[in-house]
Structures are given as C-alpha cells and as structure tokens.
Amino acid sequence: MRLSRYFLPILKETPSEASIASHRLMLRAGMIRQSSAGIYSWLPMGFKVLRQLENIVHEEQIRAGHNPMLMPTVQSADLWRESGRYEDYGEEMLRITDRHGHDMLYGPTNEELITDIFRNSVQSYKQLPLTLYHIQWKFRDERRPRFGVMRGREFFMKDGYNFDIDKPAAMHAYNRHMVSYLRTYERMGLKAIPMRADSGPIGGDDTHEFLVLADTGESEVFYDSAILDLNLGDRAVDYDDWDQCAAINTEWTTPYARTDETHDAAKFAEVPEERRCSSRGIEVGQIFYFGTKYSDSMNAKVVNGDGDLVPVHMGSHGIGVSRLVGAIIEASHDDKGIIWPEAVTPFKVGIVNLRQGDEAADGACEALYKELTALGLEPLYDDREERAGAKFATMDLIGLPWRLTIGPRGLKNGVVELTSRKTGVSEELVPAEAVARLVEIYAGV
RNA sequence: CGGGGCGUGGCGCAGUCUGGUAGCGCACCUGUUUUGGGUACAGGGGGUCGUGAGUUCGAAUCUCGCCGCCCCGACCA
C-alpha cells in the first residue's frame, strides 16, 4: 500500500478524550474514530488489525475442531424470557421494540440463541460432541464506557458453545478450549495467563479468565511467576486426546494465578516469596463450564445410549477480539507510539523514502515496494512529499515492526537501512539482503 | 447511577468572571525555501461559538431547559 493513497488520518496532538495509551494511540494512529460513547468506527488500519486477529481466532478454532457460523446481532426477547435472563440481565441489555411492538434486543451474548438452534436440530447423543462458535458484534450498555475499544459498549467477540453428553465429555471440551486459547494468544505475540475467576452473570462452576499483564489493566492479579515460563510453542496437540488436553490444562492451572475476585491470600503465601507477583491485568477471554443450566431451562435434551432423554452439558467461551487490539497496544508501546508484534501488524514493513522526487531514491523504493509486495510481505510505502522527520514520526507512531529507510546518501554506497521498531537497532544492507532478512523474519510468523 | 468537569474551524486551546458581533497553535491550500528525526518565510480558505427559549439596542459571554462527551467512584468482556 502506498501511504499517499491510504486513508490514515494521523493526529499530531492527543485528543482530549483519551486517557490511556491504547486509546490515545489508536486515535492518533488513525485506527479508530469515536462515533458515540463506547461506539467506534474502525478506519482502514484499525480494521486491518481487527480482521487479522479475527483470522487467527478462526484458524485456531477450526484447528480445534469447532464449527464456525454466524448468529444475528438482534435477537427476540422471547428466548431470553424462557431462560429467565431477560429480567436478570438488567440495564446492560439494549432493548429495542420493533414496529410490531415486539420486544427485541441487541445481543450481549448468545447462549439462548445457540441453545434454541441446538435443541431444534439435535436429538441424539450420536450427534455429540458439538462445538459451535461465531465472531460477531455484541452490545452491552455499559454505565460508563471508557478506555476506547477496551471497554466499549459495542464490541467484537468470538463466542463459542460446546454441547456434550455428560460432564466428563464437557470437561474435555473445557480443556480443549483452554489449549486452543493458549495457542491463539501465543500466536498473537501475547502472554495471556489463565486465572481462576468468578462466573459472573453467565453462571457455572468451572471458569478461567485469560489476562494480559499491563499496568492499565482493570483487574488486580496475583500469580506465581513460574507461569510466565510456560510455553506451548510448536508442540503437537491432538485436540481429540482427552489426556493430553487435560495434562496441558493441569500444567497451566497448577501455578497460582488468580484475580482479586478469587484471590486466596493463604494459598498465595505457599508460593515461594521470590515468585509471588502481583500486577494489573486486562481480561481478553474467558471459558466456562456451566453444566445443564441452559439445557434445563430451555429444554435442550438428547437421547442417550440407554434411550433416556437427558439434558446436555454445556460450556461457553469468549475471546474479546476488539478488546485485544487495545490490549496488545497496552502491552506493547512506547512514548513514540505502537510497537506491533509481527503476527498482528497491519503492514509487515514500512518503506521510508527520505527524498521523494530524487530519481535514485524513488527508483530504489519502487523496486523494493514491488518486490516485497510480490513476496507477500505487505509493505506500507511512505511516498508522501514529506520531510524525513515527519515520515519517521509517522512510522514510529503506527508501529510497524520493521522499517526500510532509503535515501540518496545510503544509495551512493548501495545500501538501505533496516530498523527494528522494538529495539531501534539498524543495519545497513544491500537491498537484496534486506529483502532476504524480512523473508526470514516473517517465515516463522 | 452518585460526584466532578467540558462542549468555540479537522485537532489542541484562549476568549465567558466584567455582553459590543471571534482569536492562537497544529493541520489544510498556493508560492518560495529546506531536505537522514515533525524546516523556514509569505499569502490564503475554513467556525450561525452543542441546542432551544429568554433577558438586552446588542449574547460565545447573563438566565432557564434540553442534548452530547470526558474524568473519579460503584459495576463490567
């Protein structure tokens, strides 16, 4: 993409409404614009990141054997009356009346809808296990939206639901989600720690939240630093292997890690003192097992092997995709701007032409732009008639992990400069070497 | 929802107390200049001052209502 043709309305000054880093930087980098309180438009670069996160979530869900689908944003109140949550959910639910006077709502979650779909189409244990999910916009009418996309009213979220014949099978679904979520966050370049949590309004027994450590997190968290060393890496996972999934679940849930809601000071004291950590965390996902709560109230039953009609065991699982954009920035930025992890960056490399209009510089930039594009390395070429300083400041702000700097001075010696946004370290390379380095860097992403 | 604050060109703000018909910086346009970390100079375009009513010869400014947004708290993915 050529910056001269890209809609990237960057702001030199900080808009007064933004108080935390991710919100400030998303506005300044031209990723989002506020539409009303807690509701945002996603401009091209923000949208690109959002889509990439969505893709990673899809890939990992499908890898775990789950079924993608899409449910509507607007739901009928009738289903919610059936589960009893129409009254329970309270003011956070945006209620709408259609022209016929029917009570509708903008969905904050989809347990009722999915259970209705399930019960109408599944009658036998032979159709289980089943996990359905979708990635869709949700709405919760927060009393006080804040922190940009981290706590908006409208948000983009993956939510999934598993249906199993009994508790052991449902617990395997739980473990499977634990593993697939760990993988998902790892791929995004994030360290997300599963922590024992409260079940909140969704209800249920077993639940873990996934938290990204960041100073601006909304929750206080306590953990054994040993958990930071755990890594899924590229180990082979068989999602149908109950024992393996259970073992990984145990591996990650054994070290102490809890939010302030479930914190147990006595248990925490058993952790060796030098490994006892507390900080702030941003919740980016949660998994639940809630048994037959919805299948009982909504009559979602199947026939088991003995011919008995039994309620299915369910769980639900969520990843806050739009919130993740903010969380990643909170976890990865400096005073100049964003620092994107390679896996989620909107463009893989920025090309800075230091002397627009100079024949040698223009030619070298064009050639590299075309070559990188052909290799799928998605460059963003700053071809504006701007001074070097302005181009550097823009690149630093939008946070592309690598920058190719090209100007007459270097070209005289046949070199261009490749700079890491994260470390600031530059190396001078001939263009072909620079391309080879980028290919190598992105090969593993 | 309790407490506090703010709405003035795209953005950041001054002007409001003490009414006289709108200003600064950035951004934008034109020209010259400059060119490896947000160049400099000159010229230029753009605002019914959130909204409605009232007071007044005259309202960004005073009064009342309404709307919107932000911050702290309680709450929440």
Side-chain angles (χ1 to χ4, degrees), chain A residues 9-20 23-24 27-28 30 33-39 89-93 107-110 137-159 181 192 195 197-202 207-212 217-219 259-261 281-288 316-327 336-337 352-358 361 382 384-397 403-413 415-417 419 424 426 428:
Chain A
I10 59 166
L11 266 26
K12 216 168 185 176
E13 286 172 283
T14 301
S16 58
E17 74 258 27
S19 61
I20 65 165
H23 189 195
R24 199 165 59 232
L27 288 166
R28 286 198 54 211
R33 285 293 181 266
Q34 180 165 318
S35 161
S36 57
I39 301 177
Y89 218 94
E91 297 286 302
E92 305 237 307
M93 181 183 281
T109 178
N110 293 270
W137 291 94
K138 313 276 192 296
F139 197 95
R140 289 182 199 168
D141 198 1
E142 297 282 343
R143 280 184 190 141
R144 180 152 93 89
R146 62 183 117 174
F147 305 150
V149 299
M150 299 258 291
R151 191 170 165 199
R153 292 194 291 174
E154 189 180 50
F155 56 100
F156 197 51
M157 174 175 177
K158 172 261 167 181
D159 51 320
Y181 275 32
M195 301 200 178
D198 258 354
S199 54
I202 294 182
T207 176
H208 281 86
E209 290 180 339
F210 294 78
L211 287 107
V212 172
E218 74 273 51
S219 327
T259 64
D260 49 2
E261 295 166 329
I282 301 167
E283 191 194 332
V284 293
Q286 188 160 11
I287 56 177
F288 300 89
S316 75
H317 334 87
I319 294 179
V321 180
S322 50
R323 162 175 272 210
L324 267 167
V325 179
K336 290 180 188 159
V352 169
N353 185 345
L354 291 175
R355 190 80 62 83
Q356 208 69 41
D358 177 88
D382 190 345
R384 296 172 303 162
E385 299 284 345
E386 287 285 351
R387 303 199 29 151
K391 293 190 177 186
F392 287 141
T394 298
M395 283 296 171
D396 288 343
L397 174 62
R403 186 185 80 206
L404 269 176
T405 309
I406 297 162
R409 190 189 293 172
L411 288 174
K412 251 182 237 168
N413 302 317
V415 297
V416 298
E417 196 177 85
T419 307
S426 292
E428 294 202 326

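Chain A is the first sequence line, chain B the second, and so forth, proteins listed ahead of strands; every chain is numbered from 1. FYI, side chains are in, hydrogens and waters are out, and symmetry mates aren't considered; it's all heavy atoms of this structure.
- Within 4.0 Å (heavy atoms only), A:Glu417 reaches at least one base atom of the nucleic acid.
- Looking at A:Arg403, its side chain has no donor and acceptor atom pair within 3.5 Å of the base of B:G36.
- Using a 4.0 Å heavy-atom cutoff across all strands shown, A:Gly407 reaches at least one base atom of the nucleic acid.
- For B:A74, there is no paired nucleotide, since no Watson-Crick or G-U wobble pair has both relevant distances below 3.5 Å.
- Residue A:Gln34 places its side chain closer to B:C70 than to any other of B:C70, B:A74, B:U35.
- Distance check on atom P: B:C62 versus B:C76 gives 41 Å, rounded to whole Å.
- Within the 4.0 angstrom heavy-atom criterion, base atoms lie near A:Arg28.
- Remark: B:C69 base-pairs with B:G5. Criterion, Watson-Crick or G-U wobble with two distances under 3.5 Å.
- Separating the P atom of B:G7 from that of B:C11 is a span of 14 Å, rounded to the nearest Å.
- Base engagement by A:Asp396 is indicated by at least one non-hydrogen atom pair under 4.0 Å involving a base atom.
- Nucleotide B:C64 is matched to B:G52 when pairs are restricted to Watson-Crick or G-U wobble geometry with both distances under 3.5 angstrom.
- Among the heavy atoms of the strands lying under 4.0 Å from A:Ala37 are primed sugar atoms or P, OP1, OP2 only; no base atom is included.
- Residue A:Thr394 has its side chain nearest to B:G38 when only B:C71, B:G38, B:C69 are considered.
- Separating the C1' atom of B:U61 from that of B:U16 is a span of 4 Å, rounded to the nearest Å.
- Look at CE on A:Met395: it is 18 Å from P on B:G36, rounded to the nearest Å.
- Heavy atoms of A:Gly424 sit nowhere under 4.0 angstrom from any nucleic acid atom.
- Note that the CD atom of A:Glu209 and the CD1 atom of A:Ile287 stand 11.0 Å from one another [nearest 0.5 Å].
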Between the protein and nucleotides 6-12 of chain B, are there any N/O to N/O pairs under 3.5 Å, and if so, what are the atom names and distances?
| unit_1 | atom_1 | unit_2 | atom_2 | d |
| --- | --- | --- | --- | --- |
| B:C11 | O2 | A:Glu13 | OE1 | 3.2 |
| B:G12 | OP1 | A:Ser16 | N | 3.0 |
| B:G12 | OP1 | A:Ser16 | OG | 3.4 |

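- Around CD of A:Glu261, the count of heavy atoms belonging to other residues, nucleotides or ligands within 6.0 Å exceeds 12.
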Atom pairs and distances, donor-acceptor, side-chain atoms in residues 386-396 of chain A, under 3.5 Å, two or more places apart:
| unit_1 | atom_1 | unit_2 | atom_2 | d |
| --- | --- | --- | --- | --- |
| A:Lys391 | NZ | A:Asn353 | O | 2.8 |
| A:Lys391 | NZ | A:Gln356 | OE1 | 3.0 |
| A:Lys391 | NZ | A:Asp382 | O | 3.1 |
| A:Lys391 | NZ | A:Arg384 | O | 2.9 |
| A:Thr394 | OG1 | A:Arg384 | NH2 | 3.2 |
| A:Thr394 | OG1 | A:Ala390 | O | 3.0 |

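- Taking a pair to require two hydrogen-bonding distances under 3.5 Å in either a Watson-Crick or a G-U wobble arrangement, B:U16 remains unpaired.
- Checking B:G38, B:U35, B:C75 against the side-chain heavy atoms of A:Glu142 singles out B:C75 as nearest.
- Nucleotides B:U55 and B:A74 have their P atoms positioned 46 Å apart, rounded to a whole Å.
- Within 4.0 Å of A:Gly410, counting heavy atoms only, lies at least one base atom of the nucleic acid.
- Among the heavy atoms of the strands lying under 4.0 Å from A:Thr405 is at least one base atom, whether or not backbone atoms are also near.
- The CZ-P distance, from A:Arg151 to B:C71, rounds to 11 Å in whole Å.
- Across all strands shown, B:G38 forms no Watson-Crick or G-U wobble pair with both key distances under 3.5 Å.
- Rounded to whole angstrom, the span from the CZ atom of A:Phe147 across to the C1' atom of B:C76 amounts to 12 Å.
- Listed by chain and residue number, A:Asn110, A:His134, A:Lys138, A:Tyr161 satisfy the side-chain hydrogen bond (donor to acceptor under 3.5 Å, both in side chains) test with A:Asp159 (two or more places apart in sequence, or in another chain).
- With both ends at atom C1', the span from B:U35 to B:A40 equals 12 Å, rounded to whole Å.
- Comparing A:Ser219 and A:Lys336 along RNA chain B, the residue whose closest nucleotide (by nearest heavy atom) sits nearer the 5' end is A:Lys336.
- Of the C1' atoms belonging to B:G38 and B:C28, the separation is 16 Å, rounded to the nearest Å.
- Among A:Arg144, A:Glu218, A:Glu142, the one residue that satisfies the side chain to side chain contact (heavy atoms under 4.5 Å, CB included) test with A:Arg151 is A:Glu142.
- Straight-line distance between the P atoms of B:C49 and B:G10: roughly 13 Å, to the nearest whole Å.
- Across the protein-nucleic acid pair, A:Phe139 atom CZ and B:C76 atom C1' stand 14 Å apart, rounded to whole Å.
- Pair assignment for B:G45: none, as no Watson-Crick or G-U wobble contacts are both less than 3.5 Å.
- Remark: the separation of the C1' atoms in B:C69 and B:C24 is 24 Å, to the nearest Å.
- The base-pairing partner of B:C26, taking Watson-Crick or G-U wobble contacts with both distances under 3.5 Å, is B:G10.
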